[in-house]
Amino acid sequence: GEDVEQSLFLSVREGDSSVINCTYTDSSSTYLYWYKQEPGAGLQLLTYIFSNMDMKQDQRLTVLLNKKDKHLSLRIADTQTGDSAIYFCAEDWNTDKLIFGTGTRLQVFP
Amino acid sequence: DSGVTQTPKHLITATGQRVTLRCSPRSGDLSVYWYQQSLDQGLQFLIQYYNGEERAKGNILERFSAQQFPDLHSELNLSSLELGDSALYFCASRGENADTQYFGPGTRLTVL
């Protein structure tokens, strides 16, 4: 199947870390991605990881990949109100298309 | 700015009508993808074109069709529109050996 699963909501206090989780399906995915979508806006690529890596850090963002469990996570350090958005993970299915998760709505409160 | 452009930004039409959405990929990108984002179905892949040829097909309805022209721009045609076709339609492009697809800003279609 092509289901990529994410929890629907996450609420964190400003300054704390946020961890958004994703479970994907295709073990042959070459790349796994995290996109951010703000209200009424398009999809912004945040970061991505090559499937032979375990971890990738990019400023406040850390991506962890567990291939055995097909689990991907995105950690946002020092979360700010501007980080409030919907976050989508996506897997590269046979390099022909992206399969997106259901999206996690992150709410940051002061 | 991803370099992918989509027109129009917003489109409001009535049931039963036909519309055309347009996408211009990043310069030199041969692959164009179409995605639909709706409240019911989430973000789903519709169709991919590579250098003018259909390459992959997703959950695209028979009422929908697409094509990619020699200048590499693409059009998504939606016909016999239904209320449920109201959605945000994204186009993305990808270059040869590129790591990722680049998304356009989307076209918001409202069917009344």
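Quick note on labels: first sequence line is chain A, next is B, and so on, each numbered from 1. The structure presented is a predicted model; accordingly, all values stated were derived computationally and were not measured.
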(request) Give the intermediate values and the outcome of side chain to side chain contact (heavy atoms under 4.5 Å, CB included) for residues Tyr31(A) and Asp99(B). (result) CA-CA 7 Å; Tyr31(A) 294 99; Asp99(B) 295 346; 2.8 Å; yes
(request) Kindly state each residue pair satisfying salt bridge (charged side-chain N to carboxylate O under 4.0 Å, His left out) with at least one member in residues 13-25 of chain A, sequence neighbours excluded. (result) none
(request) Indicate, with yes or no, if Ile20(A) and Tyr24(A) share a hydrophobic cluster defined by side-chain heavy-atom contacts under 4.5 Å among Ile, Leu, Val, Met, Phe, Trp and Tyr. (result) yes
(request) To the nearest 0.5 angstrom, please state how far the CD atom of Gln44(B) sits from the CD1 atom of Ile99(A). (result) 9.5 Å
(request) Tell me, for Gln37(B) versus chain A, whether the close heavy atoms (under 4.5 Å) come from the side chain, the backbone, both or neither. (result) side chain
(message) I'd like to know if Leu78(B) and Tyr49(B) are part of one continuous hydrophobic network [Ile/Leu/Val/Met/Phe/Trp/Tyr, side-chain heavy atoms within less than 4.5 Å].
(response) yes
(message) Which atoms of Tyr102(B) are under 4.5 Å from chain A, going by heavy atoms: the side chain, the backbone, both sets, or neither?
(response) neither
(message) To the closest 0.5 Å, what do you measure between CZ (Phe90(B)) and CD (Gln37(A))?
(response) 5.0 Å
(request) Answer yes if Leu43(B) and Ile60(B) sit in the same cluster of Ile, Leu, Val, Met, Phe, Trp and Tyr residues linked by side chain heavy atoms under 4.5 Å apart, and no otherwise. (result) no
(request) Could you tell me which residues in residues 63-88 of chain A have at least one non-hydrogen atom under 4.5 Å from a non-hydrogen atom of chain B, sorted by residue number? (result) Phe88(A)
(request) Check the hydrophobic clustering (I, L, V, M, F, W, Y; side-chain heavy atoms under 4.5 Å; chains of links allowed) and say if Leu61(B) and Leu109(B) are grouped together. (result) yes
(request) Could you please state which residues from residues 101-110 of chain A sit under 4.5 angstrom from chain B, measuring non-hydrogen atom to non-hydrogen atom, sorted by number, or 'none'? (result) none
(message) Counting only heavy atoms not in Leu83(B) (residues, nucleotides, ligands), do more than 12 fall under 6.0 Å from its CG?
(response) yes
(message) Are Leu32(A) and Leu61(A) linked, directly or through intermediate hydrophobic residues, by side-chain heavy-atom contacts shorter than 4.5 Å (ILVMFWY only)?
(response) yes
(message) Please classify the contact of Ile47(B) with chain A as side chain, backbone, both or neither, using a heavy-atom distance under 4.5 Å.
(response) neither
(request) Would you indicate whether the side-chain heavy atoms of Tyr35(B) and Phe100(A) approach each other to under 4.5 Å? (result) yes
(message) Taking 4.5 Å as the heavy-atom cut-off, does anything in residues 38-59 of chain A contact chain B, and if so which residues?
(response) Gly40(A), Ala41(A), Gly42(A), Leu43(A), Leu45(A), Tyr48(A)
(message) Can you confirm whether Tyr33(B) sits close enough to Leu98(A) that some side-chain heavy atom of one is under 4.5 Å from a side-chain heavy atom of the other?
(response) no
